[in-house]
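To keep things clear, I will list the structure first and then write my remarks on it.
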Protein chains: 2
Amino acid sequence: MSFDDTNEWLTPMEMAERCGVSAETLRYYEREGLLDRVARGEGNHRRYSADDVAWVGVLRCLRVTAMPIREMKRFAELVRLGDAGVADRVELLEAHRVEVLAKRAALDDALQMIDHKIDVYRRSLAGPPTADTAGRSTTPTLGGRGVRSRP
Amino acid sequence: MSFDDTNEWLTPMEMAERCGVSAETLRYYEREGLLDRVARGEGNHRRYSADDVAWVGVLRCLRVTAMPIREMKRFAELVRLGDAGVADRVELLEAHRVEVLAKRAALDDALQMIDHKIDVYRRSLAGPPTADTAGRSTTPTLGGRGVRSRP
DNA sequence: CCTTGACTTGGAGTGCACTCCGGGCTGTTG
DNA sequence: CAACAGCCCGGAGTGCACTCCAAGTCAAGG
């Protein structure tokens, strides 16, 4: 290890590892204008800066919260505008925030149902082959119709 | 309203509305084997039962938590097996649960960063054109390289 | 009887976010 | 010098989850 292990510049592979995305994806982001043209070193090879790492970190936050690339592109454009774009950035992020909160709420609801199902299944495993439970399904079945009038 | 507003059977459109998915998607799920063949009424038209509604509710819980269709198919098969499939269902759901929890954690992390960014932007809007902040960018820029050695 | 509208079918098409490909270049190693 | 690793590029391909389409069927209404 060198005396300074925070290398000044990262190769595509290093960058990919550091950011948790493939080098291909980094190129794709650059093509799409999510990153400005990345600096180049010997033989026209990309060299990523610490700022690039930080910015890709932001991009990943937006992606992981399911922001579409199209909207990330718009965000990147607003960042390029500098201070002039701040108001719109707030607007964009707050709109996104609302969606993320909704998504999380839906996720939590679903998770609760899943937990409930696990619990029910567990119980049915704990004591199933007794006289009064044997042969009964423990799920709503996938479309089984109860006793009801003909369609 | 009739004395019993829980209609016995639902048409595709009613079912779609009730479940929050398109009728096309319901057909797609049926094709994929996520639903058993749905009952038919006059003119071979589908008639969905209350059990179908419940089961599609389960499917939506799995989808909303990003379970791939392939795995939902497997879950449906395990449900078809009846009690014989319960142990595997528990296993499948618990594995999925772990992933959902991880996803939620990642989501919360990202959300925190987004909240932070909103906050920073807000501050820069509150008092920007003062002598000591004017002209400065409030973001890491999208790839701006600081003062550092050449690549 | 004719139209309307909700449905049926298999198959094709869409949009998204990557992901891979083939051909070429360059700097390093044996 | 030859082989190799790592990267360059534009463009094509992939997988997923729907979504749409054209042609046909059926029951009710005017």
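We use all heavy atoms of the structure for the numbers below, so side chains are in, but hydrogens, waters and symmetry mates are not. Residue numbering restarts at 1 for every chain, and letters A, B, ... go by the order of the sequence lines.
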Transitively linked via ILVMFWY side-chain contacts under 4.5 Å: [X] with [Y]?
{"X": "A/Leu125", "Y": "B/Leu93", "value": "yes"}
{"X": "B/Leu101", "Y": "B/Val90", "value": "no"}
{"X": "B/Val58", "Y": "B/Val100", "value": "no"}

Rounded to whole angstroms, how far apart are [atom1] on [X] and [atom2] on [N]?
{"X": "A/Met13", "N": "D/dC4", "atom1": "CE", "atom2": "P", "value": "18 Å"}
{"X": "A/Leu26", "N": "D/dG6", "atom1": "CG", "atom2": "P", "value": "17 Å"}
{"X": "B/Leu10", "N": "C/dC7", "atom1": "CG", "atom2": "C1'", "value": "15 Å"}
{"X": "A/Leu62", "N": "C/dC16", "atom1": "CG", "atom2": "P", "value": "17 Å"}
{"X": "A/Glu32", "N": "C/dC18", "atom1": "CD", "atom2": "P", "value": "10 Å"}
{"X": "A/Tyr28", "N": "D/dG10", "atom1": "OH", "atom2": "P", "value": "16 Å"}
{"X": "B/Leu35", "N": "D/dA17", "atom1": "CG", "atom2": "P", "value": "16 Å"}
{"X": "A/Leu34", "N": "C/dC16", "atom1": "CG", "atom2": "P", "value": "14 Å"}

*Find which nucleotide of DNA chain D each of A/Arg46 and B/Arg60 is nearest to by heavy atoms, and output the residue with the more 5' nucleotide.*
A/Arg46

State whether [X] places a side-chain N or O below 4.0 Å from either non-bridging phosphate oxygen (OP1 or OP2) of [N].
{"X": "B/Thr25", "N": "D/dT19", "value": "yes"}
{"X": "A/Ser22", "N": "C/dC18", "value": "no"}
{"X": "A/Tyr29", "N": "C/dA17", "value": "no"}

*Please step through salt bridge (charged side-chain N to carboxylate O under 4.0 Å, His left out) for the pair A/Arg46 and A/Glu30, ending with a clear verdict.*
CA-CA 11 Å; A/Arg46 285 175 182 77; A/Glu30 194 177 338; 2.7 Å; yes

*Verify the distance criterion only: is there a donor paired with an acceptor across the side chains of B/His96 and B/Thr65 at less than 3.5 Å?*
yes

*Side chain of B/Glu94, backbone of B/Glu91: donor and acceptor closer than 3.5 Å?*
no

*Any sub-3.5 Å donor-acceptor pair from B/Arg40's side-chain atoms to B/Val38's backbone N or O?*
yes

*Nearest of C/dT19, D/dC9, D/dT19 to any side-chain atom of A/Arg37?*
D/dC9

*With respect to the side chain of B/Pro12, which nucleotide from D/dC9, C/dT8, C/dT9 is positioned closest?*
C/dT8

Would you mind writing out the side-chain donor-acceptor pairs for residues 103-113 of chain B within the sub-3.5 Å range, not counting sequence neighbours?
| residue | atom | partner | partner atom | Å |
| --- | --- | --- | --- | --- |
| B/Arg104 | NH1 | A/Asp108 | OD1 | 2.9 |
| B/Asp108 | OD1 | A/Arg104 | NH1 | 2.8 |

*If a protein heavy atom is under 4.0 Å from the base, mark B; if only from the sugar-phosphate, S; if neither, -; do that for nucleotides 24-30 of chain C going 5' to 3'.*
-------

Give every pair of a protein N or O atom and an N or O atom of nucleotides 20-22 of chain C that lie under 3.5 Å apart, one pair per line with the distance.
| residue | atom | partner | partner atom | Å |
| --- | --- | --- | --- | --- |
| C/dC20 | N4 | A/Glu24 | OE1 | 3.1 |

*State, to 0.1 Å, how close B/Arg89 and B/Asp83 come at their nearest heavy-atom pair, and which atoms those are.*
NH2-N, 4.1 Å

*Grab the two heavy atoms, one from A/Trp9 and one from A/Arg47, that are nearest each other, plus how far apart they are.*
CE3-O, 3.4 Å

*asked:* Which residues in residues 64-74 of chain A have a heavy atom closer than 4.0 Å to any atom of DNA chain C?
replied: A/Pro68, A/Ile69, A/Arg70

*Pairs meeting criterion salt bridge (charged side-chain N to carboxylate O under 4.0 Å, His left out) with involvement of residues 64-73 of chain B, two or more places apart*: B/Glu32-B/Lys73

*Which other residues end up in the same hydrophobic cluster as B/Val64, if Ile, Leu, Val, Met, Phe, Trp and Tyr are linked when side-chain heavy atoms come under 4.5 Å apart?*
none

